[in-house]
Asker: 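Sharing a structure here in structure tokens format.
Each chain gets a letter, A, B and so on, in the order the sequences are listed, and its residues count up from 1.
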Number of protein chains: 2
Amino acid sequence: MKWQRMHKARANCVACPVLSQGLCGALNDQEALRLSSVSWHRRFSAGQIIHAEGEKPSYFCAVMTGVVKLMKSLPNGDQQIVGLLLPGDFLGRPFGGDSRSSAIAATNVRLCSFPRAVVEGLASESRVVERWLLDHVSDELEKAQDWIVLLGRMSAEQRIATFILSVMRSTHFEDAAAPKSCDEILIELSLSRTEMADYLGLTIETVSRQIARLRERGVIKVGASRTMIIRQPEALEATLEAALPGEGPKSTVRI
Amino acid sequence: MKWQRMHKARANCVACPVLSQGLCGALNDQEALRLSSVSWHRRFSAGQIIHAEGEKPSYFCAVMTGVVKLMKSLPNGDQQIVGLLLPGDFLGRPFGGDSRSSAIAATNVRLCSFPRAVVEGLASESRVVERWLLDHVSDELEKAQDWIVLLGRMSAEQRIATFILSVMRSTHFEDAAAPKSCDEILIELSLSRTEMADYLGLTIETVSRQIARLRERGVIKVGASRTMIIRQPEALEATLEAALPGEGPKSTVRI
DNA sequence: CGAGCACCTTGATCTAGATCAAATGGATCA
DNA sequence: TGATCCATTTGATCTAGATCAAGGTGCTCG
């Protein structure tokens, strides 16, 4: 009986990105059993609130499919997306208090949820789990710092290019030596123009115009339902090399 | 002899902010001894590079006095400060690889440095240390997310106000029920105009002009050598309530 | 004491991106 | 089949903040 439960538990997880790329992959069989035996799956459709700002979450969730946006609202109604969670990512701050941002499904989403206490217990007992959490949060911090650079110093064009490239790379995770077999890369943006604007610190009109410019230049081809074909990835990368060609840094390096 | 070393080790640390607010405060005597027996102090003067982007740091450092800026440079020479480290804060990503930003002394700085291996060993063995690191990184992540909101959605005026308030709060950590005894609060900015601009995603001229406006309105009084007297903290807070008085949110709440 | 230098302020002008305003397109539904 | 409701695009205009360009201010050092 126990064996069967274990077997069933793992069977549920075979195709799960949380096993291949997320927390579960770091667990041994016993830990995985413990976690999967108390886990349950939830679905959210695009736009649904998964977790509201200021509440203490009762669960930790791993994203199985879809995209979750973490957002903060300003008193004037403006919003800013402070992070996107992709399959394998983790929602909730272990050992933390109230959440400082709300989590909202950007697309249809499937989550694997674990009671708070179980994950915290596991982290307290298992070296590996706590280490995984530390690494994961550290990665998130580095991503946030990259975003700070984007928001603090990049032009609208560069922000859009960065975003498109990051979506491209997150799906078409090409190996170091990119084979460049199919030159036309189809990507799915997953976000509405409004969401892109909230993520990139722009307005919806600016996002739309910048995408239009890329289309006119033949860099991308805009498809239906938030898809896009990248025809000249190099052109996107070129806009990120902000230094004018032929010039070194403008003046002496500041320290 | 051993006892004496232990005694000496702790004696060095008595007045250290890393003990009262940082990692060391979380340690037991044995752990503290282990750490302090291999620690050494380093001084950096303002502008010196503590650690360059892209190198793997050999030490972890706790900030004892002064301010350290974490910065990233863009190919065109622009710079963005992605974080400030204050006394008690920690420099270096445990178990991480190459550093993704450079650490530079913004003021004269005293650091308490530990060999990488010792901190990692301590973290691997001590529940408390690893937990402290997790909490610390999680706090940094939340601060970074707040900064993302600042850079993505706030006006220059609001950015300056936020910065001044944060400096004020980090020094005059007033209790919940603020006594408001001395109405004039003297703060030390610690950053040059250029550094403020790099931190706030603005230009130096804009920073200067916004500060001038606050001075003209009587909200602050600008002193010599990067000091400032806050005369109307409420006025600073008021600029952050971006919603126009008497109005609710502009339109229906977006989801 | 004045030259040199780093930092900061102030002024004039320009522009990327915001704002305001319509038009277009694409789904759903009766 | 069109009416409704979206999201998106496109156009016209405005403005906050960038950029360009002098001046101040205060410091150190010969």
Asker: One pair to check against side chain to side chain contact (heavy atoms under 4.5 Å, CB included): A:W147 and B:L151. What are the steps and the verdict?
Answerer: CA-CA 10 Å; A:W147 218 248; B:L151 294 172; over 6 Å; no

Asker: Hey, which of these two, A:A224 or A:G201, hits DNA chain C nearer its 5' end, going by closest nucleotide?
Answerer: A:G201

Asker: Heavy atoms from C-beta onward define the side chain here; which of C:dC8, D:dT8, C:dA18 lies closest to that of A:T206?
Answerer: C:dA18

Asker: Categorize B:S208 for me: base, sugar-phosphate, or nothing, with a 4.0 angstrom heavy-atom threshold over every strand shown.
Answerer: base

Asker: Can you measure from OG1 (A:T239) to CE (A:M154) and round to the nearest 0.5 angstrom?
Answerer: 9.0 Å

Asker: Output, in order, the C-alpha distance, side-chain angles, deciding distance and verdict of salt bridge (Lys or Arg N to Asp or Glu O under 4.0 Å) for A:K221 and A:E184.
Answerer: CA-CA 10 Å; A:K221 195 156 164 267; A:E184 304 229 314; over 6 Å; no

Asker: Just to be sure I understand the rule, does A:I211 reach a base, reach only the sugar-phosphate, or reach nothing, if contact means heavy atoms closer than 4.0 Å?
Answerer: nothing

Asker: Expressed as a whole number of angstroms, how long is the span from A:E216:CD to D:dT10:C1'?
Answerer: 11 Å

Asker: Is there a donor and acceptor pair, one atom on the side chain of A:E205 and one on the base of C:dC20, closer than 3.5 Å?
Answerer: yes

Asker: Rounding to an integer number of Å, can you tell me how far A:Q158 CD sits from C:dG17 P?
Answerer: 9 Å

Asker: Output yes when at least one side-chain N/O atom of B:R215 is less than 4.0 Å from OP1 or OP2 of C:dT10, else no.
Answerer: yes

Asker: Under the side chain to side chain contact (heavy atoms under 4.5 Å, CB included) criterion, do A:M228 and A:I211 qualify, and how do the steps go?
Answerer: CA-CA 10 Å; A:M228 196 176 263; A:I211 289 179; 4.1 Å; yes

Asker: Within this structure, what is the CG-to-P distance between A:N76 and C:dA18, rounded to whole angstrom?
Answerer: 14 Å

Asker: Rounded to the Å, how far apart are B:I204 CD1 and D:dG17 P?
Answerer: 17 Å

Asker: Looking at B:W40, B:F114, B:F90, which hits ring-ring contact (aromatic ring centres under 6.0 Å, His included) with B:Y59?
Answerer: B:W40

Asker: Could you check how far CG of B:L202 sits from C1' of C:dG17, rounded to whole Å?
Answerer: 15 Å

Asker: Whole angstroms only, please: what is the CG-C1' distance between A:L151 and C:dA16?
Answerer: 16 Å

Asker: Is the distance from OP1 or OP2 of C:dC8 to the nearest side-chain N or O of B:R209 less than 4.0 Å?
Answerer: no

Asker: Do any side-chain nitrogens or oxygens of A:T203 fall under 4.0 Å of OP1 or OP2 in C:dG17?
Answerer: no

Asker: Nearest whole angstrom, please: distance from the C1' of D:dA7 to the CG of A:D198.
Answerer: 14 Å

Asker: With sugar-phosphate meaning primed atoms plus P, OP1 and OP2, does A:S155 contact a base, only sugar-phosphate, or nothing at under 4.0 Å between heavy atoms?
Answerer: sugar-phosphate

Asker: Classify A:A212 by what it touches in the nucleic acid, base, sugar-phosphate, or nothing, heavy-atom distance under 4.0 Å.
Answerer: sugar-phosphate

Asker: A:M154 CE to C:dG17 P: how many Å, rounded?
Answerer: 13 Å

